[in-house]
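Below: one structure, written as structure tokens.
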Amino acid sequence: MARKTKASRIGFDPLAWMKDGSAGQSFPKANEASKKVATEAAPKERVHQASPQNIPENDNAPGEAKVARARDKPATPPSGGDLKAFALGESLTITAVKRLHSELKQLLANRKQIVLDAAAVEEVDTAGLQWLDALMREAQARQVDVRWHEPSSALSQGAKALGLTAKLRLPA
Amino acid sequence: MRVIAVMNQKGGVGKTTSTLNLAHALAMSGRSVLALDMDPQGHLAAGFGVNGDEGLDSVMIDGISLHDTLVDVREHVRLAPAGQRLAEFEYVSEGGAQRGWRLSQALKEGVNGQDFVLIDAPPSAGLLSMNVLMAVEEVLVPVSSDILALHGVARFMRILQHIDESLDRKTRVWVAVTRFNERRRLARDVRDKLLEYFPGQVLATSVRESVALAESPGTGKTIFEYQKSGNGAEDYRALADDLLNERTMYGQKDEG
């Protein structure tokens, strides 16, 4: 868990677990009462927010579709208890960017996590990819986690051609 | 309204100093600020130069309205002191899991119209800290430029991650580098380490080590009253601006 770092005055790195992803395996001992309060029943409104089953339909966001909740794994087809995704549609070009931008701007302001459904994307251009790059940077600045659901080959190839695969966090 | 906890498991990193001076800096920029002292040591009230015999202890233990405990300490700054009995809350047994939500409920019922709520949290992982974490959506972690402060951050982030996973939420984390001495290699290494693990989250201003910052709370004055033209005032003014505008530091590895 702790590693020595060369050429650094720090020595063992107490934050190394943040990269290992091993935080879930052990936690510091805490007062018993405080351990319980984080996991037992919370006031109703908080429980409502916390449960993925209770995420309401958003009739005002026509671009959204349900996908299964997937932590650090490729997304799977929709099923019960889903995290809503934002469908990018078929076209990721200069003409589509304006609509996409206004809808996603709202999501960025209100969500901690966004899933982009790119399964249907068939047409991309430089403007669309540049917009995605800017979106990713904005999301990072806002500490919003952005994930992909089934990025199409058109999107992947377009990003690769512009050297944006890593920046867009697309699978290599 | 932004509700921000100032937290780190390690003591002495500048939590109270940061809460005190950020509250005043934000108020001087025209924002209305509510400062809450959830640390039973009660140093925040002392830093503002007020007597804090009663306050959040009555809110947490007796259910008194938060609004009734507020004291005007500076223009646009109101303070809820810790009170003498706050430490007793750690041993409250009735209430079950609802004990973790008392501060959250108190804020909902007793506060409105503030631009910022800054909460000086205790350096522990008990019931008071849990209340703070349940009540906020943002956390500011002051990290002094030494190795043990990194251990404090690591411990705190484990707890925060556990709570966020339990509640299916993501708390926004900001890191403020404090007690920074540019001439010390260790200080630069600690800052680089923070930039490595918290990209886009380390606030742009590093608060420099300053005798005036250490002295001013003992006089009941904020740094802007104690030494308004020194490094401490300059840094906290800039740090408040960073927090206001979410301005962070770019990661640049120290090659020196």
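In the text below, chain A, chain B and the rest are named by the order of the sequence lines, each starting its count at 1.
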Could you have a look at B:Leu150, B:Asp146, B:Asn131 and say which one has the most heavy-atom pairs with chain A under 4.5 angstrom? B:Leu150
A:Gln143 to B:Gly200 - nearest heavy-atom pair and separation: NE2-O, 4.4 Å
Write down the atom of B:Arg172, the atom of A:Lys112, and the distance for their closest heavy-atom approach. CG-NZ, 3.7 Å
Approximate separation, where rounding is to 0.5 Å, of B:Glu196 CD and A:Met18 CE: 10.5 Å
What distance do B:Met157 atom CE and A:Leu15 atom CG have between them, rounded to the nearest 0.5 Å? 8.5 Å
Of the backbone (N, CA, C, O) and the side chain (C-beta and beyond), which part of B:Phe156 lies under 4.5 Å from a heavy atom of chain A, both, or neither? neither
Minimum heavy-atom separation for A:Pro14 to B:Ala154, with atom names? O-CB, 3.2 Å
Looking at B:Arg247, I'd like to know if its CZ atom is crowded, meaning that more than 12 non-hydrogen atoms belonging to other residues, nucleotides or ligands lie closer than 6.0 Å. yes
Correct closest heavy-atom pair for A:Asp13 and B:Lys193 would be OD2-NZ, 3.5 Å
How about residues 124-134 of chain A versus chain B: which residues have heavy atoms under 4.5 Å apart? none
Please confirm whether the backbone N or O of A:Ala141 pairs with a side-chain atom of B:Glu246, one donor and one acceptor, at under 3.5 Å? no
Here the gap from B:Lys170 atom NZ to A:Gln113 atom CD, rounded to the nearest 0.5 Å, amounts to 9.0 Å
